[in-house]
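One structure below.
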Amino acid sequence: MNKVRLVFLVFISLFVVLISFIVLTYSEHDKVSKYGGAVRVLGHEVLEIRDHITNAALTEISTPYQMSADLVTLEKELQALKDSYQGENTHSTFFQHLPTLELLDQFHDASMSNVDTLDKLVGLSVARQFILQSMSEQLTNSQPTNNNSGAKSDIIIQSELLASVLFSGVNMQHSGVDSDLANLSQTFVELNQQHSLLLSQVLDLHSTESIEHIEHQFTELQDQLKDVTVKLILTLALLTFVFSFTLFILRIFELKRNNLSYQEAADKAERASEAKSLFLATMSHELRTPMNGVLGIAQIIKEDSHSENTRKHAQIIIDSGQHLVTILNDILDFSKVEQGKMELELSPFSVTDVVTHLDKTLTPLAEDKGLAFIIKDNVPTNLQLIGDSARTRQILFNLAGNAVKFTESGKVEVEFLIAPTTPPSVNILVTDTGIGIAEDKIDHIFTAFEQAELSTTRKFGGTGLGLSIVKQLVELMGGTITVASQLNFGTRFTISLPLEIHEVEEKIVEKETLKANDVLDNLSVLLVEDNKINAMVIRKFCESINLTVENAYDGLQALDKLASNQYDLIIMDNHMPNMSGIEAIQKIRDELELTTVIFACTADVFKEAHDEFIVSGADFVLTKPLQKNSLQNAINEFHQQFEVNRHNSSNAHNLPNKAESNVTILTRHPKNKLPLTEEELSRSQFLANDELKSDEKLKCLTSLVDELENEIDELIELFSDAKQDDLSRTLKAVKAIASRYEMSEVFELATAAEKVTEKHIMPEAELLQQLINRLMVNSHQATRLIHKLHQQRKTG
């Protein structure tokens, strides 16, 4: 039996017993109090009548009949008290030893004895008074009345004689008095003697001592029962305390045991989750690696073949492979959301950033089916959204992709607009003229692994995870999604996202739209890949855009080649024999100290794996199966860095040391490629101040991001235009920001650059580049802190 239950049962048993005894004792106390009260009342009546009769006897009784009536009433009350307890069980079994009955009997006997004595005293007093009155009358009648003076002297003699009889007991027969008077005198003397004896008995303290003693005994008996009741109550209180304390101790031990059990269960669940994640990562990696070869070869066949039929077959392979990759992505995303590992990024983006990819990808698919794919952007171009652009794009790809898939004729429309809410939010409407959804099926479309109809899966395919992931992503962003549909007429999904909206100054930015081979001639690539098929695919992709490729099959080979050769780009796989890609990248950065652009290329799709690449020193991460356009876009993004590295390399012999040759022109590196260890914002005491409210802190950080981004733009622009005087003013502004937020490294770099501008000399590009990098890292950290504050506000 559970120890807590056993203790509880024991306590309940003792508790019931104690409560029973307390109730029983209180009941007995109540009975004793009732009888004790009656004894005290009647005892006081006995004493009051005794005092009254005694006083009357001493001063001659005036109302003997009233006194007799009072005595009769008292006798009746005493008899009524006796009748009330006779023939009954005064106490319960546990209290039969109490002397209540004996005390009541003693009180009755003592009181009745006193009443009898008082009754006799009243009778003697009445008789004595009657004889005394008779004697006075006879003495008065026996005297002559003819002589006034003689009569007066006779009365005096008579009074003296009566007084002598009353107080000295003189024998009147020998004094010449009438014989009747003498007899009365004798009787009076005898009555007087009895009266005196009874009076002395009544006045004797022993006559009422027993009554008072009985009253005291009842009081003591009440006190004893009261003490027992108090002790029982104290025992109950102690028992309750002991029980509570014991229960508390047992509960602590039980909680410890439960916590250990829960911890073990949590550890098992975590290990299971880790095993699941590992399985999914391994499965994804193992599937993506051969899919890279399949899709890559299919793309190469399609591009190289002159046969229209062959190109169509190749496209079928590509479409099927892409479908498999989509299923893999859905499963992995669902797993991330399910495990709570899906993390959102907060960064500025525009609607154009999202819809450009949407338009390029889905418009051709819609056109192939004869559909109109329409995008309506009603968001002003000077408004910037703060949120996770990649996940927003994923939501749109899922919804718009489904709309295209389930629509045979008509159109698919995606519309963006600002909702007039407080604060404003972004509404996205995805409308199609497709097959629609039955009303009784709408509630199930967001459930994982379910679709509206079984025939849908058979006809259109899919896992049924897309809409489930969409709903979870929308809710993770704090938004809502609703659906309205009519069978065979179409469907509309309405999404409301509480994205922050900032108004920014519109800048005319020229697009980095040229291909890499248009920017750099004969870009050299070191491809580090142990899988020969994947190596062949990537080589073909590179050569198709005029890149020169050299192969290394593990990290050690790559280090050997890099020690003796220069390359513009390194494409690095991860899981390789002898040395992994991550370890090789670390050695390239730390030991060889090369700034060569490195693209990691991996089948690992989890964020942790990508973050590990970036931390080790990679500039960008490509995901397998690799798409040619993905490689092309990455090269386009870093073409400026290729120019910088080539320029540095060609001028290395003119520089006094290597440190001065790292940077010669200013550039904005991607924030997530810069080492986060150089950020200083998280150590700012200004932001750590507890008095700074969350809203105020959020406002400060948002303003800081705008300030830093503005100063970075100005530094690059003023350096390019060689305006050192204007640059000096910008550096002062940077110092003010650094001082306010206690960014000491930024402050020192800005101070050093400012001292140079004071001499009307332009600071070296390397110094300003270091300052820009520091500003960007702190801007990136401010964005991360904004994201963290938003998450805290959502979770309360």
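Please read all numbers here as calculations on a predicted model, not as lab measurements.
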Yes or no on side chain to side chain contact (heavy atoms under 4.5 Å, CB included) for Lys699 and Asp695, after CA distance, side-chain angles and deciding distance? CA-CA 6 Å; Lys699 186 177 180 181; Asp695 291 342; over 6 Å; no

Closest contact, heavy atoms only, [X] versus [Y]:
X	Y	value
Lys735	Ala750	CG-CB, 3.6 Å
Leu295	Pro625	CD1-CG, 3.6 Å
Asp619	Thr596	OD2-O, 3.7 Å
Ala618	Ile585	N-CG2, 3.7 Å
Val430	Ala403	CG1-CB, 4.4 Å
Phe719	Leu768	CD1-CD1, 3.3 Å

Please tabulate, for the side chains in residues 478-488, all donor-acceptor contacts under 3.5 angstrom to protein atoms that are two or more places apart in sequence or on a different chain.
residue, atom, partner, partner atom, Å
Ser485, OG, Ile437, N, 2.7
Ser485, OG, Gly490, O, 3.1
Ser485, OG, Thr491, OG1, 2.9

Spatial distance of atom [atom1] ([X]) from atom [atom2] ([Y]) [nearest 0.5 Å]:
X	Y	atom1	atom2	result
Ser389	Arg393	OG	CZ	5.0 Å
Leu727	Glu717	CG	CD	11.5 Å
Glu612	Thr602	CD	OG1	10.0 Å
Thr730	Asp713	OG1	CG	11.0 Å
Ile737	Leu708	CD1	CG	5.5 Å
His502	Ile386	NE2	CD1	5.0 Å

Could you tell me whether a side-chain N or O of [X] sits under 3.5 Å from a main-chain N or O of [Y], the two making a donor and an acceptor?
X	Y	result
Asn778	Glu680	yes
Ser703	Cys700	no
Thr702	Leu698	yes
Glu711	Ala733	no
Gln299	Gln627	no
Ser630	Leu626	no
Ser779	Leu775	no
Glu745	Arg774	no
Lys369	Lys405	yes
Ser739	Ala736	no

Verify side chain to side chain contact (heavy atoms under 4.5 Å, CB included) between Val746 and Leu749, making sure each step is shown before the conclusion. CA-CA 5 Å; Val746 172; Leu749 290 170; 5.9 Å; no

Under a 4.5 Å cut-off applied to non-hydrogen side-chain atoms, are [X] and [Y] in contact?
X	Y	value
Leu789	Leu785	no
Cys542	Ile571	yes
Leu473	Asn398	no
Glu679	Arg784	no
Ile501	Leu385	yes
Leu417	Val379	no
Leu358	Phe373	yes
Thr392	Phe349	yes

Classify the angle between the aromatic ring planes of Phe638 and Phe620 as parallel (below 30°), tilted (30 to 60°) or perpendicular (above 60°). perpendicular

Apply the test side chain to side chain contact (heavy atoms under 4.5 Å, CB included) to residues Ile428 and Phe416: give CA-CA distance (whole Å), side-chain angles for both, the deciding distance (0.1 Å), then the verdict. CA-CA 5 Å; Ile428 305 172; Phe416 295 81; 3.8 Å; yes

Between Ile545 and Lys628, does a side chain to side chain contact (heavy atoms under 4.5 Å, CB included) hold up when you go through it step by step? CA-CA 9 Å; Ile545 54 176; Lys628 181 180 175 180; 4.1 Å; yes

Would the number of heavy atoms belonging to other residues, nucleotides or ligands and lying under 6.0 Å from NZ of Lys411 be above 12? no

Pairwise salt bridge (Lys or Arg N to Asp or Glu O under 4.0 Å) hits with a residue in residues 468-481, at least two apart: Lys471-Glu475

side-chain hydrogen bond (donor to acceptor under 3.5 Å, both in side chains) pairs, two or more places apart, involving residues 424-433: Thr421-Ser425, Asn427-Ser496, Thr431-Arg492

Check this for me: does any side-chain nitrogen of one of Glu754 and Lys732 sit under 4.0 Å from a carboxylate oxygen of the other? yes

